[in-house]
Amino acid sequence: MSENTSQRMLRGGACTNCRHRRIIQDLEQQIAELESRIQERESSVAIQRTDGGVFLHDPYVTSVTAQVRSVWGRLSEVEVPLQLRQNLLSAFIPYAKDLGFFLDLTEICTIILSTSSQGISHVRTPSPSLALMHVLFLLGSHFSTSPQVTALEPEFLSRARGSVSHILSFPTSTIPGINATSSHPHWRVLEAIQSHVLLAQYFFYTGRKLEGKYSITIAISLVLGTKMHRIWTEEAGQDQMQMALGRGNYTSGVPFSGHETPQTQFRREKEETQRINAFWTVLALNSLWTAVDGHVSSLPYWTARMRVDTPWPSVNLTPATRSSSTIQRFLSNSPDDVHSTSALYAKACILLEQAFELTKRYEGNQYTPDPDTTSFARKFLSIFNNLMILTTRFISQLPSISSIQDSPPSDFVYTQASESSSQKRRLLVIHTLVRVIRLYILFESTSYSSSDERVRTHRMKVEAGNESAKMVDLVDGSMVFIDSIMAMLWPIIAHVLSTELHRLGQRRGGQQDPRFCGYQKSYDLILQAMSRLASSSPLMNEQLMKMQKLFRSE
């Protein structure tokens with residue numbers, strides 16, 4: 001290494017290739033550890049089954065399963081009868097956006113439904129991979145209300161896990177290098193990311209969080225391997241982006257050619273939009289589950305080597321579009337005028353993760369105190385105040401759930417729920433995420449705040465919980481689905497309300513506090529929502545039982 005090169009490295013840090021190699025190596029280690037933990041868990045389950053354990057089965061479902069086995073006996077690896085495909089997609093479509101579906105749903109469903117029994121599509125568009133179709137069918141079977149269809153869920157799970165692991169023809173235990181996806185069309189890489197995102201959502205919804213984290217980590221490796229965190233970056237040149245995308249005639253983040261046909265330009269813009277949405281979908285999922293489970297993030301966007309330059313989803317892309325330090329600008333309170341639901345969701349997930357990171361920093365200092373207590377307190381308060389200001393401003397800009405007008409069902413024949421229902425559910429999640437930030441920051445219990453500040457922060461925390469709970473009533477009362485993260489957030493809110501109810505009940509001295517009834521009603525709304533969803537969501541059921549057990553012991 002020359003002296004000049006050495007000096008440049010000292011000033012700027014590792015070169016781009018070295019930084020990406022280190023990222024890849026970190027992800028490889030995380031995936032290896034997750035695979036090991038999953039194997040240990042599966043082995044433990046197998047031992048229990050051979051240890052004389054008694055497993056209860058629903059006799060009705062068992063009989064239904066026996067009836068449909070004959071259907072599977074007539075199916076090849078590709079074939080699924082047209083009527084069954086229609087039923088499965090009809091059950092999945094109403095929740096597609098809630099689950100992070102960022103591809104063209106109408107196009108993909110049209111292709112799946114136009115494919116003949118021999119697996120030949122009559123649409124002049126690349127057919128979706130078997131992996132993506134199997135994951136769609138898996139989720140459709142899970143959300144279906146037909147016992148005959150839900151009985152197929154274990155079969156579709158087996159197929160989905162097997163096909164997704166080979167969707168790009170490399171084992172999921174091997175992280176692709178920077179150019180590892182160069183031999184694959186860009187749309188196939190997007191399908192791979194989409195398949196892992198949906199599989200992760202299925203695992204979270206069914207309470208298999210370790211496997212969900214594994215699928216997210218694979219998705220992260222794909223978005224980083226194709227540099228989706230640097231789409232339309234100010235630093236990206238044409239050659240760099242072509243190399244990252246692995247295609248010589250398609251450039252990303254550079255002006256569109258004036259010689260392209262309108263159809264070609266539309267297709268390219270659509271692909272860019274899907275890549276941007278893919279990145280933010282993966283980042284949001286990682287931020288959510290890293291925060292609530294306390295894991296080390298696989299995508300630490302706050303570090304220099306993982307800086308995100310990709311514009312927020314739904315930004316209007318033009319030849320002049322350039323982006324830099326997207327998340328850092330947001331966290332520094334720089335306005336961006338991007339208020340799409342998908343962008344708001346990503347921002348809320350980031351704020352939640354930042355709050356949990358701050359909490360971990362405080363708790364870590366309790367075990368290993370900073371020698372300079374004054375300095376730590378000053379830094380802590382600075383970060384805390386900035387986060388509170390940012391959160392307050394963010395909440396003030398959120399559309400209310402009641403502002404969403406009911407809309408007629410989509411023209412797409414297999415859509416059974418209106419767009420407004422999905423938007424209300426997503427807004428409920430976003431409003432809850434940013435209010436839980438206030439609930440979880442330990443400011444009121446820190447030694448840096450005065451008693452008056454602690455009282456004020458406590459009041460803000462309780463009111464945030466109360467506001468979050470009341471919003472449940474604004475969503476359809478027959479709600480049968482919600483983002484899995486709510487199974488982790490609602491117990492936090494319920495605990496805050498329960499604690500406050502207990503405090504008010506003790507101090508009222510025979511005279512009821514005027515806030516008591518309101519908080520009780522809010523607590524009941526949370527409990528009712530969790531109870532209603534527990535029958536279809538194993539994760540919700542698990543968290544509900546934990547919550548009830550905890551409250552009984554208090």
Can you list everything that forms a salt bridge (charged side-chain N to carboxylate O under 4.0 Å, His left out) with [X]? Sequence neighbours excluded, please.
{"X": "Lys546", "value": "Glu542"}
{"X": "Glu353", "value": "none"}
{"X": "Lys521", "value": "none"}
{"X": "Lys213", "value": "none"}

> Which word best sums up how the rings of Tyr205 and Phe481 line up, parallel for under 30°, tilted for 30 to 60°, or perpendicular for over 60°?
Replying inline: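 Taking Phe481 first and then Tyr205, their aromatic rings sit tilted (interplane angle of 30° to 60°).
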
>> Please tell me whether Gln201 and Tyr95 have a donor and an acceptor in their side chains that are separated by less than 3.5 angstrom.
In response: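 Note: Gln201 and Tyr95 side chains miss the donor-acceptor criterion.
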
> Sequence neighbours excluded, which residues qualify as side chain to side chain donor-acceptor pair (under 3.5 Å) partners of Thr392?
Replying inline: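 Thr392 satisfies side chain to side chain donor-acceptor pair (under 3.5 Å) with Arg438 only.
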
>> Going by the rule side chain to side chain donor-acceptor pair (under 3.5 Å), which residues pair with Gln520 if we only count those two or more places apart in sequence or in a different chain?
In response: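 Partners of Gln520 under the side chain to side chain donor-acceptor pair (under 3.5 Å) test: Asp524.
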
>> Restricting to ring-ring contact (aromatic ring centres under 6.0 Å, His included), what partner residues turn up for Phe203, sequence neighbours left out?
In response: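 In terms of ring-ring contact (aromatic ring centres under 6.0 Å, His included), with neighbours along the sequence ignored, Phe203 is linked to no residue.
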
>> So, using ring-ring contact (aromatic ring centres under 6.0 Å, His included) as the criterion, who are the partners of Phe204 when residues are at least two apart?
In response: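 For Phe204, the residues satisfying ring-ring contact (aromatic ring centres under 6.0 Å, His included) (neighbours in sequence not counted) are Trp289.
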
> Listed by chain and number, what are the side-chain contact (heavy atoms from CB on, under 4.5 Å) partners of Asn386, not counting sequence neighbours?
Replying inline: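 With neighbours one apart ignored, the set is Asn333.
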
>> The criterion is side-chain contact (heavy atoms from CB on, under 4.5 Å); which residues satisfy it with Ser535, sequence neighbours excluded?
In response: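 With neighbours one apart ignored, the set is empty.
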
>> Tell me if the aromatic rings of His134 and Phe156 count as close, with their centers under 6.0 Å from one another.
In response: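 Between Phe156 and His134, which both carry aromatic rings, the centre distance is not below 6.0 Å.
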
Regarding [X] and [Y], does a basic nitrogen lie under 4.0 Å from an acidic carboxylate oxygen?
{"X": "Asp309", "Y": "Lys227", "value": "no"}
{"X": "Lys461", "Y": "Glu500", "value": "no"}
{"X": "Arg268", "Y": "Glu271", "value": "no"}

> Do any pairs count as a side-chain hydrogen bond (donor to acceptor under 3.5 Å, both in side chains) and have a residue in residues 479-490, sequence neighbours left out, and if so which ones?
Replying inline: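 Those involving residues 479-490 are Tyr345-Asp483.
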
>> Can you pull out every salt bridge (charged side-chain N to carboxylate O under 4.0 Å, His left out) where at least one residue sits in residues 287-304? Sequence neighbours excluded, please.
In response: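 The answer is Lys209-Asp293.
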
